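Worksheet for the structure shown next.
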Amino acid sequence: MNWLESIILGLVQGLTEFLPISSSAHLRIVGELMGMEDPGAAFTAITQIGTETAVLIYFWKDIVRIIRKWFGSMKWVPADRRVPSSDSDVRLGWMIIVGSIPIGVLGLLLEDWIDSSFRNLWVTVTMLAVFALFLGAADKWMPRVKTLDRMSWRDAILYGFAQAMALVPGVSRSGGTITMGRLLGYTREAAARYSFLLAMPAVFASGFYKVYKVAAGGDTVYVGPTIVATLIAFGVGYAVIVWFLKLVSTRSYMPFVVYRIVLAVFIAALLGAGVLSAVGGVGA
């Protein structure tokens with residue numbers, strides 16, 4: 001990977017991470033179209049540290065408030081200063097913890113598949129199309145009434161398993177969780193906000209785990225270009241968060257549904273023509 005390729009991939013990561021269109025699929029496809037080998041799961045996970053840092057900064061006040069109240073609800077806090085467990089921020093803190101468990105467990109159990117079999121482009125094509133239909137149906141027909149202060153334990157667990165589906169490129173972390181949020185009747189903005197907050201523990205854990213594996217020699221990345229791509233992903237990702245949350249407060253997710261289907265057809269055509277290779281490397 002050279003410096004220009006890292007800049008392009010950083011832009012792609014920043015532009016696609018928070019949209020329900022699968023950043024891992026885009027990195028895989030764009031990398032191959034540029035004549036590169038598959039950038040790999042390690043590169044994807046590490047560059048996601050950049051985009052999640054953008055989430056950390058954008059939601060800083062919310063995150064600090066949630067953490068402060070969550071710790072303030074613990075039993076060791078004097079009763080006269082303890083935050084009630086029924087407080088909406090305390091509950092949201094627990095919901096984020098519970099919702100992060102499925103992807104953490106499945107990510108470790110399926111690590112070898114994530115790094116290999118799941119990255120087959122025919123799998124990506126299928127997931128892009130199938131989850132486009134799920135998102136379109138949920139956004140069109142389900143009510144938009146629930147806000148995050150009404151989240152239940154059942155909802156948090158279902159959100160968690162939806163996020164875990166993003167271990168397969170083409171599903172999209174935000175796409176899977178936003179789709180689940182809409183299926184459960186959350187407003188478009190609430191579904192997106194919780195999607196961003198829920199992603200933070202899993203993405204940071206995955207990213208720093210891959211950093212550790214690279215440092216230990218278990219995974220290989222081009223260090224300098226990967227750092228550049230991560231920094232670019234941070235800056236672009238922050239701008240996308242601002243734009244996306246404004247968009248979904250007044251518009252539907254249908255443009256992203258159409259885009260996913262068009263992209264799936266486009267990739268399938270390139271695979272059929274031999275321009276792309278399903279298992280990595282440039283086609284004939």
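From a predicted model like this one, the values you see are computed outputs, not experimental measurements. The first residue of the sequence shown is numbered 1, and numbering continues consecutively from there.
- Looking at heavy atoms from C-beta onward, Phe256 lies in side-chain contact with Leu247 at the 4.5 angstrom threshold.
- Contact of the Gln48 side chain with the Ser23 side chain is registered, since non-hydrogen atoms from C-beta on lie closer than 4.5 Å.
- Going from atom CG of Leu121 over to atom OG of Ser277 covers 7.5 Å, rounded to the nearest 0.5 Å.
- Between Tyr259 and His26, the ring-plane angle classifies as parallel under the 30° and 60° cut-offs.
- The hydrophobic clustering, which links ILVMFWY residues whose side-chain heavy atoms are closer than 4.5 Å, places Ile178 and Trp141 apart.
- For the pair Trp70 and Val83, the minimum side-chain heavy-atom distance is 4.5 Å or more.
- Here CD1 of Ile49 is found 6.5 Å from OG1 of Thr230. Values are rounded to the nearest 0.5 Å.
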Evaluation steps, side-chain contact (heavy atoms from CB on, under 4.5 Å), between Ile227 and Leu231: CA-CA 6 Å; Ile227 292 173; Leu231 293 173; 4.2 Å; yes

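- Note that CD1 of Ile8 and CE of Met34 are 4.5 Å apart. Values are rounded to the nearest 0.5 Å.
- For Gln163 against Ala199, the heavy-atom pair with the smallest separation is OE1-CA, 3.1 Å.
- A single hydrophobic cluster is not seen to contain both Val223 and Trp3; linkage of ILVMFWY side chains at heavy-atom distances under 4.5 Å, directly or through other members, places them apart.
- Proximity of a side-chain donor or acceptor of Ser195 to a complementary backbone N or O of Ala191 within less than 3.5 Å is not detected.
- Formation of a donor-acceptor pair under 3.5 Å by the Arg182 side chain with backbone atoms of Met142 is found in this model.
- Using a 4.5 Å cut-off between side-chain heavy atoms of Ile, Leu, Val, Met, Phe, Trp and Tyr, with links allowed through other members, Met254 and Leu183 fall into different hydrophobic clusters.
- Of all heavy-atom pairs spanning Ala233 and Thr47, the tightest one is CB-O, 3.9 Å.
- No continuous path of hydrophobic side-chain contacts links Val203 to Val98 [ILVMFWY only; heavy atoms under 4.5 Å].
- Counting heavy atoms from C-beta on, the side chains of Ser100 and Ile96 come closer than 4.5 Å.
- By the 30° and 60° cut-offs, the orientation of the rings of Tyr253 relative to Phe244 is tilted.
- A pairwise comparison of heavy atoms in Thr16 and Ile21 identifies CG2-CD1, 3.9 Å as the closest pair.
- A continuous path of hydrophobic side-chain contacts links Val64 to Ile97 [ILVMFWY only; heavy atoms under 4.5 Å].
- Under a 3.5 Å cut-off, the side chain of Arg260 and the backbone N or O of Met127 do form a donor-acceptor pair.
- The backbone N or O of Asn2 lies less than 3.5 Å from a partner atom in the side chain of Glu5, making a donor-acceptor pair.
- Partners of Phe134 under the ring-ring contact (aromatic ring centres under 6.0 Å, His included) rule, at least two apart in sequence or in another chain, are Phe131.
- Using a 4.5 Å heavy-atom cutoff, the side chains of Leu33 and Leu270 are in contact.
- Smallest separation of non-hydrogen atoms from Val228 and Ile7: CG1-CG1, 4.1 Å.
- Taken from CG in Asp87 to CZ in Arg65, the straight-line distance is 9.0 Å, to the nearest 0.5 Å.
- Between Val236 and Val12, every side-chain heavy-atom pair lies at or beyond the 4.5 Å cut-off.
- Note that OH of Tyr238 is 7.0 Å distant from OH of Tyr58, once rounded to the nearest 0.5 Å.
- When atom types are taken as modelled, the side chain of Ser206 and the backbone of Ala202 share no donor-acceptor pair closer than 3.5 angstrom.
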List the steps and the verdict of side-chain contact (heavy atoms from CB on, under 4.5 Å) for Phe18 and Leu245. CA-CA 10 Å; Phe18 302 116; Leu245 288 177; over 6 Å; no

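- At distances below 3.5 Å, at least one donor-acceptor pair connects side-chain atoms of Ser174 with backbone N or O atoms of Leu19.
- For CZ of Phe161, the number of neighbouring non-hydrogen atoms (other residues, nucleotides, ligands) closer than 6.0 Å is 12 at most.
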Worked verdict on Tyr186 versus Tyr194 for ring-ring contact (aromatic ring centres under 6.0 Å, His included): CA-CA 10 Å; Tyr186 286 88; Tyr194 184 67; 7.7 Å; no

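- Between Val240 and Glu17, every side-chain heavy-atom pair lies at or beyond the 4.5 Å cut-off.
- Minimum interatomic distance between Ala132 and Val257 (heavy atoms only, all atoms of both residues): O-CG1, 3.3 Å.
- Separation of atoms CZ (Arg188) and CG (Asp139) is listed at 4.0 Å; rounding is to 0.5 Å.
- Of all heavy-atom pairs spanning Val90 and Lys69, the tightest one is CG2-O, 3.4 Å.
- A 4.5 Å side-chain heavy-atom check between Trp153 and Met95 finds at least one atom pair inside the cut-off.
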